[in-house]
Amino acid sequence: MKLARWVYIEDVAEHVGEEIEIKGWMFNKRSSGKIHFLQLRDGTGFIQAIVEKSSVDEETFKKADSLRIESSVIVQGSVREDKRSPYGFEMDVNNIQVVQIPTEDYPISKKEHGIDFLMTNRHLWLRSRRQFHILKIRNEVIRAIREFYHSKKFVLIDTPILTGAIGESAGELFSVKYFDLGRAYLAQTGQLYLEAAAMALGKVFNLGPTFRAEKSKTRRHLTEFWMNEAEMAYYTSDDNMTLQEELVSYVIQKVLERAGEHLAALNRDTTLLEKIEPPFPRISYDEAIKLLQKKGFDIKWGDDIGGDEETGISEEFEKPVMVYNYPRKIKAFYMQPNPENPEVVLCDDMLAPEGYGEIIGASERIYDLDLLIERIKEFNLPVESYDWYIDLRRYGSVPHSGFGMGVERLVAWICKLDHIREAIPFARTIYRIHP
RNA sequence: UCCACCAUAGCUCAAUCGGUAGAGCAUCCGGCUGUUAACCGGAGGGUUGUAGGUUCGAGUCCUACUGGUGGAGCCA
């Protein structure tokens, strides 16, 4: 093959009329005897390449004819604008280099598949158009999260994945053998470590995988998911909520700006997303209970707010809503009591609109040494395994707040997915760890 | 852990009251120079998840098991 410049599909608009080369895969082919329409992708986009019998040599036309779905190919040709193409551009092929032609049928067909089959073939399903767009959006979501913190002068603290002590409560943990030290556990939160780091660096955040061995089987749960946590010294619960709404607004705006074409490809109606900017509505737990009772839910003060109730609250608002100050009995041990009513703690859950439920869990943390120890005992947790965490309250303890945001839940909402397993490249669910 | 549902061709599904297994896509062969999940004609493709039971007869009814899906609880 003669020399031609390698161009990625996303850049073809800058090379109209030029002789270029695309290196990629053929995901579909339509053929009419004397003309082949090769549907190509290269990881950056999609384009149709035309092979006309009258304008290529016989060997090239034969090669095009022999290509099967998911053949890998390098094609040379000239690019032109064409309104008949859904992508706006087409390539007129004059040369084809076959890299590989599969000898077996490609498992993912053009027709519909069941979720079991698709998850079993996740390594191939990733190549599909819809998954391409979702993963591009996830990429922009994570990029925006990092940008947001850096713009606010937060410091990235990578919290450990292998931990000795248990995390926040007696939740189910994955355990692994750890040399002569017994069992280690996969982190279900980095919060305690971020609290330590916040006393050193003021405002800190992490972004990484988190593990929960809970046998949850719902569209909102994974056993391994990505969480972004932040912890800020001297922040009150109100400061905390303000930061959360700024973060979520920033991410949404950046995704609209940089991944609008991918949202469009998913047929995502973005009119509600475009309205996401601070401030978000905030209602107290007390108000939430009254609202739910008025809407006919069988719920009383002191009950936790479940999935249906979350939807009941969030459908009253167009933006995410923050429900704050829950009864202390249904929340974690480390949450700071409300000085005006000690039966309630200073915390908030952010509920995404459109039925997506909780995306952030947040609270102000207890900073008084004696109160923290009292609460650990009250929750029947082993005081000795919280030794270093308690130590933080011995030396220059200050009020501080933080939160955790579920990346897949955020992506699922932004993309309007039915299930968060599509929001992560390789989902881990209770009955699935392969591929 | 609990509740519900599903399992038939490579894939997605159909099969009336229990009566001898069917379609689309995919594959192979042929046709077609503007197809958009291309289309048209032809062909091959089945131990109906596994084990047992009821029945003259089971894809269909019963039991157990296996795998999966959705939900509850818990959470992000």
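These numbers were taken from a predicted model, which means no experiment stands behind them.
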Tell me, which of residues 114-124 of chain A have any heavy atom that sits under 4.0 Å from an atom in RNA chain B?
-> G114(A), I115(A), D116(A), F117(A)

Y431(A) stacking on G67(B): centroids under 5.5 Å, ring planes under 30°?
-> no

Does the side chain of R421(A) get closer than 4.0 angstrom to OP1 or OP2 of G70(B) through an N or O atom?
-> yes

Taking only nitrogen or oxygen atoms into account, show me every contact under 3.5 Å that the protein makes with nucleotides 28-32 of chain B, one pair per line with its distance.
residue : atom : partner : partner atom : Å
C32(B)  : N4   : G33(A)  : N            : 3.4

Return the stems involving RNA chain B, sorted by first number, where pairs are Watson-Crick (N1-N3 with N6-O4 or O6-N4) or G-U wobble (N1-O2 and O6-N3), both under 3.5 Å, and runs are 3 or more long.
-> B:1-7 with B:66-72, B:10-13 with B:22-25, B:27-31 with B:39-43, B:49-53 with B:61-65

The side-chain contact (heavy atoms from CB on, under 4.5 Å) partners of L186(A) (sequence neighbours excluded) come to I161(A), L162(A), F174(A), F211(A)

Could you list all the ring pair (Phe, Tyr, Trp, His ring centres under 6.0 Å) pairs where at least one residue sits in residues 64-105 of chain A, not counting sequence neighbours?
-> none

For the pair made of CG in L222(A) and P in G70(B), what is the distance, rounded to whole Å?
-> 11 Å

Under 3.5 Å, which N/O atoms of the protein pair with N/O atoms of nucleotides 40-45 of chain B?
none

Excluding sequence neighbours, so at least two apart, what forms side-chain contact (heavy atoms from CB on, under 4.5 Å) with E112(A)?
-> none

Qualifying residues under ring pair (Phe, Tyr, Trp, His ring centres under 6.0 Å), relative to Y8(A), sequence neighbours excluded | W6(A)

What are the atom names and distances for every N/O pair under 3.5 Å that joins the protein to nucleotides 23-25 of chain B?
residue : atom : partner : partner atom : Å
G24(B)  : O2'  : K111(A) : NZ           : 3.4

Length of the CZ-P vector between R129(A) and A37(B), whole Å = 9 Å

Keeping to residues at least two apart or across chains, list the ring pair (Phe, Tyr, Trp, His ring centres under 6.0 Å) pairs with something in residues 415-435 of chain A.
-> none

Tell me whether the OP1 or OP2 atom of U1(B) has a side-chain N or O from K215(A) closer than 4.0 Å.
-> yes

For I430(A), what residues pass the side-chain contact (heavy atoms from CB on, under 4.5 Å) criterion, not counting sequence neighbours?
-> K215(A), K217(A)

Identify, residue by residue, the members of residues 360-367 of chain A with a heavy atom below 4.0 Å from RNA chain B, and return them in order of residue number, or none.
-> I360(A), G361(A)

